[in-house]
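Since the structure is predicted, the reported quantities are computational estimates derived from the model, not experimental observations.
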Amino acid sequence: QVQLVESGGGLVQAGSSVRLSCAVSGRTSSTYATGWIRQAPGKEREFVAAVTWSSGRTYYKNNMKGRFTISRDSAKNTVYLQMNSLKPEDTAVYYCAARQSFGVVDDPKYYDSWGQGTQVTISS
């Protein structure tokens, strides 16, 4: 089991940038990947991006690559999500989640552990 704590959310204007952080603790050595998943009001959870711990391979939802960048710092057990050129439709609660076993990372249902989420609100 791992624990995840997100930080870095807030209220920003459209066009701004925000960096989210996810501190991972616990059985991190057995974690295959950590991802960011968001949920807007009234909508289902949506995969944003993921990174594997061993190789650093990254995955993105198609329409987010280019504006969003995921990275990891293995020494700090921290995963980041850099979000640029933010739009009002990016408004959501952003969750950090960990998947323990090898496999699909772009579907929220395969993640085993979740953080509490951090609110990101983009004003127009």
Side-chain angles (χ1 to χ4, degrees):
Q1 194 70 295
V2 296
Q3 294 79 45
L4 307 107
V5 178
E6 305 95 335
S7 60
L11 171 64
V12 298
Q13 291 187 331
S16 299
S17 297
V18 169
R19 188 177 82 156
L20 304 181
S21 299
C22 174
V24 185
S25 61
R27 296 182 60 184
T28 56
S29 61
S30 62
T31 300
Y32 169 63
T34 298
W36 288 96
I37 291 100
R38 71 184 184 183
Q39 187 168 24
K43 295 188 177 181
E44 295 185 351
R45 288 185 174 181
E46 176 185 38
F47 170 77
V48 175
V51 61
T52 62
W53 283 99
S54 59
S55 67
R57 182 174 180 179
T58 57
Y59 301 82
Y60 296 91
K61 184 169 182 178
N62 285 341
N63 61 353
M64 294 177 189
K65 190 172 184 179
R67 290 196 302 127
F68 292 5
T69 303
I70 191 170
S71 61
R72 64 155 179 27
D73 184 331
S74 298
K76 295 181 178 180
N77 282 343
T78 301
V79 174
Y80 304 97
L81 183 68
Q82 178 69 41
M83 305 188 292
N84 299 326
S85 303
L86 285 163
K87 307 173 182 179
E89 51 263 43
D90 293 318
T91 294
V93 176
Y94 284 72
Y95 297 91
C96 179
R99 178 179 170 127
Q100 299 304 120
S101 59
F102 173 84
V104 171
V105 297
D106 62 356
D107 189 330
K109 70 182 179 186
Y110 291 110
Y111 285 83
D112 307 289
S113 304
W114 293 76
Q116 81 286 355
T118 185
Q119 177 71 47
V120 176
T121 303
I122 315 302
S123 64
S124 58

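Note: the hydrophobic cluster containing W53 does not contain Y80 (ILVMFWY, side chain heavy atoms under 4.5 Å, direct or indirect links).
Heavy-atom minimum distance, V51 versus I70: N-CD1, 3.7 Å. Nearest heavy-atom pair, Q82 versus S17, reported as atom, atom and distance to 0.1 Å: NE2-CB, 3.8 Å. Nearest heavy-atom pair across S54 and R72 is O-NH2, 3.9 Å. Residue A98 comes nearest to T31 through the heavy atom pair CB-CG2, 3.9 Å, listed as atom of the first residue, atom of the second, then distance. The two residues E6 and G117 make their nearest non-hydrogen contact at OE1-N, 3.0 Å. Nearest heavy-atom pair across A14 and P88 is CB-CD, 4.1 Å.
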For this session: Show the numbers, then the answer: is there a side-chain contact (heavy atoms from CB on, under 4.5 Å) between E89 and I122?
Result: CA-CA 8 Å; E89 51 263 43; I122 315 302; over 6 Å; no
For this session: Evaluate the criterion side-chain contact (heavy atoms from CB on, under 4.5 Å) for residue pair D90 and V18; output intermediate values, then yes/no.
Result: CA-CA 11 Å; D90 293 318; V18 169; over 6 Å; no
Problem set entry | Derivation of the side-chain contact (heavy atoms from CB on, under 4.5 Å) call for L11 and Q119 | CA-CA 8 Å; L11 171 64; Q119 177 71 47; over 6 Å; no
Problem set entry | Chi angles and distances behind the side-chain contact (heavy atoms from CB on, under 4.5 Å) call for L86, F68 | CA-CA 9 Å; L86 285 163; F68 292 5; 4.1 Å; yes
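Between the T52 side chain and the R57 main chain, a donor and an acceptor come within less than 3.5 Å of each other.
Evaluation of the disulfide (SG to SG under 2.5 Å) test over residues 71-124, restricted to residues two or more places apart or in two chains, returns C22-C96.
Heavy atoms from other residues, nucleotides or ligands lying under 6.0 Å from CG of N62 number 12 at most. For Q116, the CD atom is densely surrounded, since the number of other residues' heavy atoms within 6.0 Å is greater than 12.
Considering only heavy atoms from C-beta on, K61 stays 4.5 Å or farther from R38 through its side chain. Residues R67 and M83 are not in side-chain contact: their nearest non-hydrogen atoms beyond the backbone lie 4.5 Å or more apart. Residues R99 and D112 are in side-chain contact: their nearest non-hydrogen atoms beyond the backbone lie under 4.5 Å apart. L4 has its side chain within reach of T34: a pair of non-hydrogen atoms, C-beta onward, lies under 4.5 Å apart.
Distance check, rounded to the nearest 0.5 Å: OG1 of T69 to OH of Y60 gives 4.5 Å. Residue S124 holds its OG atom at 14.0 Å from NZ of K87, rounded to the nearest 0.5 Å.
Counting side-chain heavy-atom gaps under 4.5 Å among Ile, Leu, Val, Met, Phe, Trp and Tyr, the cluster of V93 also holds Y32, I37, F47, Y59, Y95, F102, V105, Y111, W114.
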